[in-house]
Student: 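Mind looking over this structure? Questions follow.
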Amino acid sequence: MALLTTEDVLNKKFQYVKFREGYDQDEVDEFLDEVVSTIYSLQMENQELKEKLEAAERRVAELSNGDFTPVETPAPAVVETPAPVMPAFAVPQDPDSATSMLALAQRVHDEYVRDGEEQSAKIIAEAKAERESIIADAHKQKDNVLKQLEQERELLENKINGLRTFESEYRSNLRNHLESLLNEVGNNEN
């Protein structure tokens with residue numbers, strides 16, 4: 001796997017995620033700037049060390065051939081590379097510091113991920129609890145409405161039965177009254 005170059009880190013774009021809390025973008029950018037600066041410094045130091053090694057190997061080869069004429073070690077060539085766009089801050093020159101910085105970055109990343117997962121689990125648990133509460137309330141309301149409707153149905157059935165009884169009695173009384181009137185009319189004609 002190839003190592004990242006300064007340009008890789010500078011040009012890396014991350015996708016935006018909707019509906020999710022993320023990291024502080026400025027904090028991430030500042031940290032990545034530090035990483036880029038560290039990588040850049042390490043590349044420069046690596047280049048200088050390669051040049052010194054090549055010069056030392058040439059000198060060793062000359063000395064082993066018996067050529068004892070003093071040779072000045074050429075100064076390392078100054079390679080002008082454009083400085084990366086980053087804030088000015090102190091960059092550790094020690095490779096172990098870069099490693100520890102990357103380890104720290106990984107740890108911070110892992111903490112953010114863990115915090116995000118914990119918050120996600122908390123939000124999901126709260127949503128489930130609210131869902132259960134809403135369902136329980138809906139069942140309670142349904143039961144109350146059904147109970148009320150059952151009571152109203154019983155009242156209406158009682159009223160209907162009362163009206164039927166009244167109608168039956170009314171018809172019976174009306175028939176009896178009409179029959180008695182007809183009997184009176186019939187008796188008066190005789």
Side-chain angles (χ1 to χ4, degrees), residues 1-140:
M1 185 165 127
L3 297 175
L4 292 174
T5 65
T6 306
E7 288 76 25
D8 292 337
V9 176
L10 276 174
N11 296 326
K12 175 67 178 168
K13 299 294 182 196
F14 296 94
Q15 294 180 351
Y16 287 100
V17 178
K18 296 181 182 179
F19 308 114
R20 182 178 143 209
E21 292 183 14
Y23 307 113
D24 179 5
Q25 191 66 40
D26 292 334
E27 186 178 348
V28 171
D29 288 342
E30 287 174 10
F31 181 75
L32 289 177
D33 288 343
E34 290 178 26
V35 171
V36 168
S37 179
T38 302
I39 291 171
Y40 180 74
S41 297
L42 291 174
Q43 286 176 343
M44 296 303 295
E45 182 179 354
N46 189 18
Q47 182 65 33
E48 289 173 13
L49 290 174
K50 282 181 183 178
E51 291 171 358
K52 286 180 182 178
L53 178 62
E54 289 173 3
E57 287 174 346
R58 281 194 306 270
R59 183 68 179 149
V60 167
E62 289 173 2
L63 291 175
S64 62
N65 289 335
D67 185 9
F68 291 106
T69 57
V71 177
E72 280 190 38
T73 306
V78 176
V79 178
E80 289 192 30
T81 55
V85 178
M86 63 186 82
F89 46 76
V91 177
Q93 298 296 322
D94 184 13
D96 291 335
S97 295
T99 303
S100 64
M101 184 183 293
L102 291 174
L104 175 64
Q106 183 65 42
R107 185 173 53 85
V108 169
H109 171 267
D110 293 343
E111 287 175 5
Y112 275 124
V113 169
R114 186 183 64 245
D115 291 346
E117 288 171 349
E118 288 173 359
Q119 184 149 4
S120 172
K122 179 182 175 185
I123 290 170
I124 289 171
E126 288 173 357
K128 285 181 180 178
E130 187 173 346
R131 179 192 71 190
E132 295 299 323
S133 172
I134 290 170
I135 289 172
D137 286 345
H139 282 299
K140 186 189 282 186

Student: When rounded to the nearest 0.5 angstrom, what distance separates CD in Glu45 from OG1 in Thr38?
Tutor: 11.5 Å

Student: Between Glu118 and Lys122, is the closest basic N to carboxylate O distance under 4.0 Å?
Tutor: no

Student: How long is the gap from CG on Asn46 to OG on Ser41, to the nearest 0.5 Å?
Tutor: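 The OG atom of Ser41 is 12.0 Å from CG of Asn46, to the nearest 0.5 Å.
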
Student: Start with the C-alpha distance between Gln43 and Gln47, add both sets of side-chain angles, then the distance that settles side-chain hydrogen bond (donor to acceptor under 3.5 Å, both in side chains), and finish with yes or no.
Tutor: CA-CA 6 Å; Gln43 286 176 343; Gln47 182 65 33; over 6 Å; no

Student: Who passes side-chain hydrogen bond (donor to acceptor under 3.5 Å, both in side chains) against Arg114, sequence neighbours left out?
Tutor: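 Per chain and number, Arg114 pairs via side-chain hydrogen bond (donor to acceptor under 3.5 Å, both in side chains) with no residue.
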
Student: Do you see a donor-acceptor pair shorter than 3.5 Å between the side chains of Gln106 and Asp110?
Tutor: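 A donor-acceptor contact under 3.5 Å links the two side chains.
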
Student: For the pair Ser133 (side chain) and Ala129 (backbone), establish whether a donor and an acceptor sit closer than 3.5 Å, ignoring hydrogens and angles.
Tutor: no

Student: Which pairs pass salt bridge (Lys or Arg N to Asp or Glu O under 4.0 Å) with one or both residues in residues 126-135, sequence neighbours excluded?
Tutor: none

Student: Answer yes or no: is there a donor N or O on one side and an acceptor on the other, between the side chain of Ser120 and the main chain of Gly116, under 3.5 Å?
Tutor: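 Checking the backbone N and O of Gly116 against the side chain of Ser120, no donor-acceptor pair under 3.5 Å is found.
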
Student: So how far is it from Glu30 CD to Glu34 CD, rounded to the nearest 0.5 Å?
Tutor: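 It comes to 7.5 Å.
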
